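Comments concern the structure below.
Predicted, not measured: the structure shown is a model, and the values here were computed from it.
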There are 2 protein chains.
Amino acid sequence: MLKTVIEMDKAATILKLLGDKTRLTMVKILDKHDCCVCEFVEIFKTSQPSISQHLRKLRDVGLVKEERRGQWIFYSINKTNEYYPFIQQLLDQLPSQDHKLKELEEQGTRIVCC
Amino acid sequence: MLKTVIEMDKAATILKLLGDKTRLTMVKILDKHDCCVCEFVEIFKTSQPSISQHLRKLRDVGLVKEERRGQWIFYSINKTNEYYPFIQQLLDQLPSQDHKLKELEEQGTRIVCC
DNA sequence: TGCGTATATAAGCAATTAATTATATGATGA
DNA sequence: TCATCATATAATTAATTGCTTATATACGCA
């Protein structure tokens with residue numbers, strides 16, 4: 001089995017980023033589904049700037065990437081990031097957050113927006 | 001394979017704790033070797049209170065435990081902690097920090113103190 | 001072209017964090 | 001019992017973080 005090793009500095013940086021419940025949940029969701037900003041605003045019941053700022057931090061270290069689709073900007077996990085295997089192993093130990101997206105669908109919020 | 005799942009809250013708390021280079025390195029070292037406070041002071045070239053405070057945080061969430069041996073207090077990983085499997089998987093992806101202890105031995109600092 | 005929607009960025013502020021300095025506690029050994 | 005060593009705790013301070021409010025940008029549509 002290939003053992004990937006990550007430097008301590010980089011690991012600490014990534015863990016610090018993920019050591020925030022909002023960002024950790026975002027990344028867990030994004031690992032399975034692309035999402036746009038307004039969905040996160042709904043899910044976390046917080047302000048749009050707050051969400052944007054969290055996403056920016058994740059983007060700055062390359063964990064997620066953005067892509068414009070018409071009016072919306074979708075975020076997705078950057079699987080080509082050299083540290084993706086590191087976080088993937090971590091995410092696998094977290095409970096699925098699919099129910100959060102399901103709630104949006106039930107509210108109609110997911111469809112309306114994206 | 002048994003899949004252990006950890007709640008998001010708890011995971012975020014632990015990741016935040018480990019998202020500090022000093023604490024992450026401490027835990028990585030402790031995963032293989034017990035250490036006393038004065039060794040960490042040497043390794044990290046920082047003040048004793050600073051080291052004590054980091055250890056306290058790790059102790060407060062149960063990741064490490066302390067044990068007095070005569071004059072010294074040794075810290076070790078708490079393998080019975082319910083979140084140990086979570087961090088173990090993470091630690092396995094980090095480079096060994098044995099060289100740091102080796103340096104102490106070469107300096108004689110390890111033996112003198114502990 | 002002008003308006004509404006989605007998102008990003010900037011500035012300000014309150015809360016949290018990590019380090020320092022000073023002091024307390026507890027064990028050892030003369 | 002007193003001095004010393006190892007460690008913990010407390011108080012202070014500077015730096016960092018995350019949120020809010022306000023504003024800017026960029027797209028889609030009438």
Note to self: I need the CG-P distance between L18(A) and dG18(D), as an integer number of Å.
What the structure shows: 12 Å
Notebook entry, point to check: Heavy atoms under 4.0 Å, any strand shown: does T46(A) hit a base, just sugar-phosphate, or nothing?
Noted result: sugar-phosphate
Next item on the list: Search all heavy atoms of I43(A) against all heavy atoms of I29(A) and return the closest pair with its distance.
Entry: CD1-CD1, 4.0 Å
Next item on the list: Please state whether the base of dA6(D) and the side chain of Q48(B) form at least one donor-acceptor pair under 3.5 Å?
Entry: no
Check: Whole Å only: how far is the CD atom of E42(A) from the P atom of dA6(C)?
Finding: 11 Å
Notebook entry, point to check: Are OP1 or OP2 of dT17(D) and a side-chain N or O of K16(B) less than 4.0 angstrom apart?
Noted result: no
Checklist line | P49(B), nearest nucleotide to its side chain (from dT20(D), dT7(D), dT21(C)) | finding: dT21(C)
Item checked: Residue I73(A), side-chain atoms from C-beta onward, closest of dA6(D), dA8(C), dT9(D) -> dA8(C)
Next item on the list: Remember a base hit wins even if backbone is also touched, and classify R23(A) as base, sugar-phosphate or nothing at under 4.0 Å, heavy atoms.
Entry: sugar-phosphate
Check: To the nearest Å, how far apart are I51(B) CD1 and dT20(C) C1'?
Finding: 14 Å
Notebook entry, point to check: Taking K32(A) for the side chain and D98(A) for the main chain, is one N or O donor matched with an acceptor at less than 3.5 Å?
Noted result: no
Item checked: Interatomic distance, D20(A) CG vs dG18(D) P [rounded to whole Å] -> 5 Å
Notebook entry, point to check: So, is Y75(B) near the phosphate of dA6(D), with a side-chain N or O under 4.0 Å from OP1 or OP2?
Noted result: no
Table please: side-chain donor-acceptor pairs of residues 10-18 of chain A below 3.5 Å, with sequence neighbours left out.
unit_1: T13(A); atom_1: OG1; unit_2: D9(A); atom_2: O; d: 2.9

Item checked: Side-chain (E39(A)) to main-chain (C36(A)) donor-acceptor, under 3.5 angstrom -> yes
Check: In whole angstroms, how far is the P atom of dT20(C) from the CZ atom of F44(B)?
Finding: 14 Å
Notebook entry, point to check: By a strict heavy-atom criterion of less than 4.0 Å, which residues belonging to residues 52-68 of chain A are in contact with DNA chain D?
Noted result: Q53(A), H54(A), K57(A), R68(A)
Check: Do any N or O atoms from the side chain of N78(A) and from the backbone of K65(A) form a donor-acceptor pair under 3.5 angstrom?
Finding: no
Item checked: Position toward the 5' end of DNA chain C (nearest nucleotide), V37(A) or G70(B) -> V37(A)
Check: dG29(C) P sits how many Å from Q71(B) CD, rounded?
Finding: 7 Å
Margin query: Applying side chain to side chain donor-acceptor pair (under 3.5 Å) to Y84(B) and D31(B), what does each step give before you reach the verdict?
Written below: CA-CA 10 Å; Y84(B) 178 63; D31(B) 194 40; 2.6 Å; yes
Check: For the atom pair CD1 (I6(A)) and CZ (F86(A)), what is the distance rounded to the nearest 0.5 Å?
Finding: 4.5 Å
Notebook entry, point to check: Distance check: side-chain N/O of S47(A) vs OP1/OP2 of dG18(D), anything under 4.0 Å?
Noted result: no
